[in-house]
2 protein chains.
Amino acid sequence: MPVPCDFQQNALLGLLPAEELNRLLPDLERVTLTLGQSLCESGQHMKHVYFPLDSIISLLCVMENGASTEIAVVGYEGLVGVSLFMGGETTPSRAIVQSAGQALRLKGQLLKNEFYRAGPMQRLLLRYTQALLTQMAQTAVCNRHHNVDQQLCRWLLLSIDRLPGNELIMTQELIANMLGVRREGVTESAGKLQKAGLISYNRGHIKIIDRPGLEARVCECYTVVKEEYDRLLNHNIVM
Amino acid sequence: MPVPCDFQQNALLGLLPAEELNRLLPDLERVTLTLGQSLCESGQHMKHVYFPLDSIISLLCVMENGASTEIAVVGYEGLVGVSLFMGGETTPSRAIVQSAGQALRLKGQLLKNEFYRAGPMQRLLLRYTQALLTQMAQTAVCNRHHNVDQQLCRWLLLSIDRLPGNELIMTQELIANMLGVRREGVTESAGKLQKAGLISYNRGHIKIIDRPGLEARVCECYTVVKEEYDRLLNHNIVM
DNA sequence: CCCATTATGTTCGTTAGCGTACAGATTACG
DNA sequence: CGTAATCTGTACGCTAACGAACATAATGGG
């Protein structure tokens, strides 16, 4: 008897018609992801795709000298492993667990089988991939034109949107890696936000106190991405 | 009697099996694109998709204040309009003709019909979209970590790879818009390249003199993108 | 409880790129 | 041909972010 899976916590799975969902359900395996765990190294084949529940995964572009930048973030609204059904099998980016938690995983081949039925699952995954495209594009322009203060706000909001509570476990060092800036820069920006009473943190625990305040400071990039996700994945879709 | 179309100039079309190609051929319409022409405005529905032949199209992310950054470039190796078959119909980015020339265009609905046959065309377009994802991701990290000199080299190489000759028609002002930097910054970087004997230009005409020299100066981002395109689109693919 | 480890705070000189302003130089066009 | 428009070159002060170095503070394992 299969352990009951709260698949609806993942928005993509929740959008699937019952028929498709029932086909997948027996093969969805619940796993616990730990902070810093790698789900996918650059150029490596993935055995599984992951549907996060309350965990968050960062997609990072890592350069030869070790410097990195987050190009997208994936939570309950998405899945990790689009390259499997897109046909390339691998990607040059890494997938790192940014916030520990649960996810449902599925063998890559089973996802591909479902995808190639060319039914609702395919259309859903493609729209999700387009949303991911938008997030990457907006990250590129944000990296170019906005300062660390704004980017930190964006990053905090994107993260907290994908978590059940209002607290995240994350050091400034790690945030700096994600944003591709210095740790000291994050310390300074975070200090401003704390002084303004928007967040409070100590040693790897960041609490969001005044979310509207953060939204008032964030650059447009956050909103653009959020609205595109809503448009592509959140409304009544003819499957 | 249809005008013969040199469709093979477009690599995507050239990779299609005869059957698929013959189905599309009658509906491919040759058009001339002029510098600066917009093929797609942010959030607007596209009537057609475009398969560039010798033209180049820039995908730009434009912000509220008018500042912009190029997030990807499309030439003979690709097509403009992935959002049509990805299901979102629109995207928040603009598509601007960066180098005048010819393209084949196809009514959006016809492309979608072909895509939904779930055959070789679908698999090809999806792999192309993944290549585009990589280009965007690498652009994001390049914007973060590399200086204008390196980015200009990358931009020049990406452009010249998509052109028949070794000359491009492009002012420094426009390059600055693409890279999302000041015009003066481009003037300075281009001056260095000219002094080093790698390029020569005057008033909107840039000639590549020493391509290996450019490759020696460019950041890894160029190579990563190029190799990923080759891997995804250039080898013997089981259609 | 102590000490090694890890996280955060602060400083300081350096630099790349910005914004602005303006001066030549080339082209387009009436 | 001559004037306006466009393109390119150069200069200058300013700022955000960098790199490096070091201080303080909290945590956790022996």
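In what follows, chains carry the letters A, B, and so on, assigned in the order in which the sequence lines appear, proteins first and then strands, with residues in each chain numbered from 1.
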Between the protein and nucleotides 14-16 of chain D, list the N/O to N/O atom pairs that are separated by less than 3.5 angstrom.
none

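Remark: A:Val181, A:Arg182, A:Glu184, A:Arg203 in residues 181-206 of chain A come within less than 4.0 Å of DNA chain D through at least one heavy atom. For the segment residues 61-69 of chain A, no residue has any heavy atom less than 4.0 angstrom from an atom of DNA chain C.
Remark: A:Met63 CE to B:His146 NE2 distance equals 4.0 Å, nearest 0.5 Å.
The separation between A:Asn143 atom CG and D:dA17 atom P is 12 Å, rounded to whole Å. Regarding A:His145, its NE2 atom lies at a distance of 17 Å from the C1' atom of D:dA17, rounded to whole Å. Distance, A:Leu179 CG to D:dA17 C1': 13 Å, rounded to whole Å. Nucleotide C:dT6 holds its C1' atom 16 Å from the CD1 atom of A:Ile175, rounded to whole Å. Here the P atom of nucleotide D:dT10 and the CD atom of B:Gln172 are 11 Å apart, to the nearest Å. Nucleotide C:dT27 holds its C1' atom 16 Å from the CD atom of B:Glu173, rounded to whole Å. Protein atom CD1 of B:Ile169 is 14 Å distant from nucleotide atom C1' of D:dC7, rounded to whole Å. Rounding to whole angstrom units, NE2 of residue A:His146 and C1' of C:dC18 are separated by 15 Å.
A side-chain hydrogen bond (donor to acceptor under 3.5 Å, both in side chains) check over residues 131-142 of chain B, counting only residues at least two apart or in different chains, returns the pairs B:Gln135-B:Tyr229.
Between the A:Arg231 side chain and the B:Gly88 main chain, a donor and an acceptor come within less than 3.5 Å of each other. Proximity of a side-chain donor or acceptor of A:Thr171 to a complementary backbone N or O of A:Leu174 within less than 3.5 Å is detected.
Side-chain atoms of B:Leu104 and B:Tyr50, non-hydrogen and from C-beta on, never get closer than 4.5 Å to each other. Side chains of B:Arg30 and B:Leu53 form a contact here, defined as non-hydrogen atoms less than 4.5 Å apart.
Shown here are the side chain to side chain donor-acceptor pair (under 3.5 Å) partners of B:Tyr201, two or more places apart in sequence or in another chain: B:Gln172. Residues meeting the side chain to side chain donor-acceptor pair (under 3.5 Å) test with B:Ser83, sequence neighbours left out: none.
Judged purely by distance below 3.5 Å, without hydrogens or angles, the side chains of B:Tyr76 and B:Asp161 never pair a donor atom with an acceptor atom.
At a threshold of 4.0 Å, the pair A:Arg217-A:Asp149 does not count as salt-bridged, since none of the basic side-chain nitrogens sits closer than that to a carboxylate oxygen. Using a cutoff of 4.0 Å between basic side-chain nitrogens and carboxylate oxygens, B:Glu215 and B:Arg211 are scored as salt-bridged.
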